[in-house]
Amino acid sequence: MEIEFAGAAREVTGSCHILRVGGKTVLLDCGMFQGRRAESREKNETLPLPVEQIDAIVLSHAHIDHSGRLPFLVRHGYRGPIYCTAATRDLSSVMLADSAHIQEKDAEFLARRNKAVATPLYAMRDAALAVDQMVSLTYDTTFDVVPGVRCTFTDAGHILGSASVALECTEGSQTRRVVFSGDVGRKGLPIIRDPAPPHGADVVLLESTYGNRDHPPVEGAREQLAQVIKAAAAKGGKVLVPAFAVGRTQELVYDLHLLTLDGAIPNIPIFVDSPLAIDATTVFAMHPEIFDQSEDLVQRVQKLFEFVQVQYTRDVNESKALNQRHGPMVIIAASGMMEAGRILHHLANNAADPRTTILVVGFQAEHTLGRRIVEHAPMIRVYGDEIPLRAQVEVLGGYSAHGDRHELQAWLDAVRDGNADKRPPVVHLVHGEPDSQDAFIEQLKAAGYPAVDAPEPHATTVL
Ligand SMILES: [Zn+2]
Ligand SMILES: [Zn+2]
């Protein structure tokens with residue numbers, strides 16, 4: 001029995017791990033690499049292994065850095081099952097279609113620039129086929145992935161439908177319990193339930209996005225959001241919120257809904273300016289069965305995502321028309337790391353205006369425009385033009401959908417507590433940048449986990 005770390009090894013994106021048990025091969029996630037364009041393209045175009053060797057795939061959640069290359073496997077002939085939760089399947093249907101569209105646009109761009117034919121990584125049809133191959137399972141139900149591998153999903157509390165994956169692997173007389181954390185969320189996030197760590201593990205693949213950081217508490221985020229909106233409304237400027245279309249956007253709309261009902265923010269227009277976010281919001285509304293029923297707003301209103309101030313702008317002309325309108329207003333637009341999408345034209349039009357507020361609510365990876373903005377670069381490059389960054393930049397860490405180093409360790413401790421004598425599992429850190437992982441290794445060693453490492457890409461470990 002072994003695991004190969006084929007993606008999200010010493011980096012955050014491209015989540016993909018290959019589990020080999022008793023002659024069968026199971027893929028855990030197959031996400032897109034993001035970051036430097038040429039480098040990611042090359043990684044994305046390389047299959048993690050020949051598709052005919054894959055017997056089954058288990059998908060932790062719908063974010064593109066976990067699901068984005070599934071259609072690429074399908075394009076290369078993968079016809080087996082992809083196990084995930086129902087909400088993950090429904091979110092994937094909108095996200096993979098969007099991703100296919102981006103791949104097609106990218107290929108057109110490359111073809112124009114290089115004056116040669118460039119094939120997209122995959123097309124819309126491959127995305128649709130991948131969704132057709134998704135088999136949905138409920139949380140806390142054990143099922144056979146392949147002979148010798150039994151799987152149970154628990155709620156990862158990260159985005160709607162997100163799962164941590166507990167795998168019971170049997171080869172001959174040996175049984176090993178492997179837990180793949182997926183992306184671990186936080187207690188108290190809006191809409192979704194708190195993370196439910198699996199009980200017990202011999203080996204844990206643990207995400208480590210924020211292995212060297214502390215987040216402000218979730219409870220403070222809504223309060224801070226209100227402050228930013230009030231200040232921006234007083235200045236009369238636009239509040240640009242680059243947000244992941246899936247998850248963060250719905251949480252923001254939820255909190256703005258609550259703040260509006262409570263009279264905590266002025267009544268300024270709120271635009272959700274992303275067709276993907278609008279589609280994802282529809283999927284959220286379809287899955288009340290997994291909402292956190294202990295939350296006030298979930299109890300109070302029938303429709304979480306509809307209220308007078310909020311408008312959904314699907315049409316591109318409606319989006320562009322926002323450039324002619326003056327603030328104050330809130331514009332929530334994709335993409336989260338400001339690498340693509342409608343947020344770019346809002347930045348191009350407003351980043352040089354000191355009345356503008358850019359409100360950053362999510363992780364910004366290295367080599368992205370978002371990272372440059374968070375670092376207050378004096379000039380930013382948008383659509384190939386250099387523009388001065390005069391807008392006010394506000395960062396709300398409380399909205400992180402990833403646990404910080406204490407929350408990650410608490411999650412791991414809960415897994416360990418399910419072991420006999422609370423024996424610490426072997427821990428392999430994935431889904432984190434080297435600085436974060438190296439600091440987290442030290443923290444975990446000090447906390448009584450003697451066997452912790454952060455495998456390099458394509459390293460293999462025997463279970
Ligand atoms: Zn995620
Ligand atoms: Zn992720």
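Just so you know, ligand 1 is whichever comes first in the structure, and atom 1 is the first atom listed for that ligand.
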Check your understanding: Name of the His431 N, O or S atom nearest the Zn ion (ligand 2)?
Key -> NE2
Study note, to complete from the structure: Test side-chain contact (heavy atoms from CB on, under 4.5 Å), reference Thr461, set Glu2, Glu4, His428, output is His428
Exercise for review: Taking the side chain as every heavy atom from C-beta outward, state whether His101 and Leu276 have any pair of such atoms under 4.5 Å apart.
Suggested key: no
Point to revise | Phe291 ring center near His287 ring center (under 6.0 Å) | key: no
Point to revise | Heavy-atom side-chain proximity of Ile191 to Phe305 below 4.5 angstrom | key: yes
Practice item. Take the Zn ion (ligand 1) and tell me which protein N, O or S atoms are nearer than 2.8 Å. Key: His61 NE2, His63 ND1, His158 NE2, Asp183 OD2
Review point. Could you state the interatomic distance from CG (Leu160) to CE (Met286), rounded to the nearest 0.5 Å?
Key: 10.0 Å
Review point. How would you list, by chain and number, every residue that makes a side-chain contact (heavy atoms from CB on, under 4.5 Å) with Ser136, sequence neighbours excluded?
Key: Ala86, Arg89
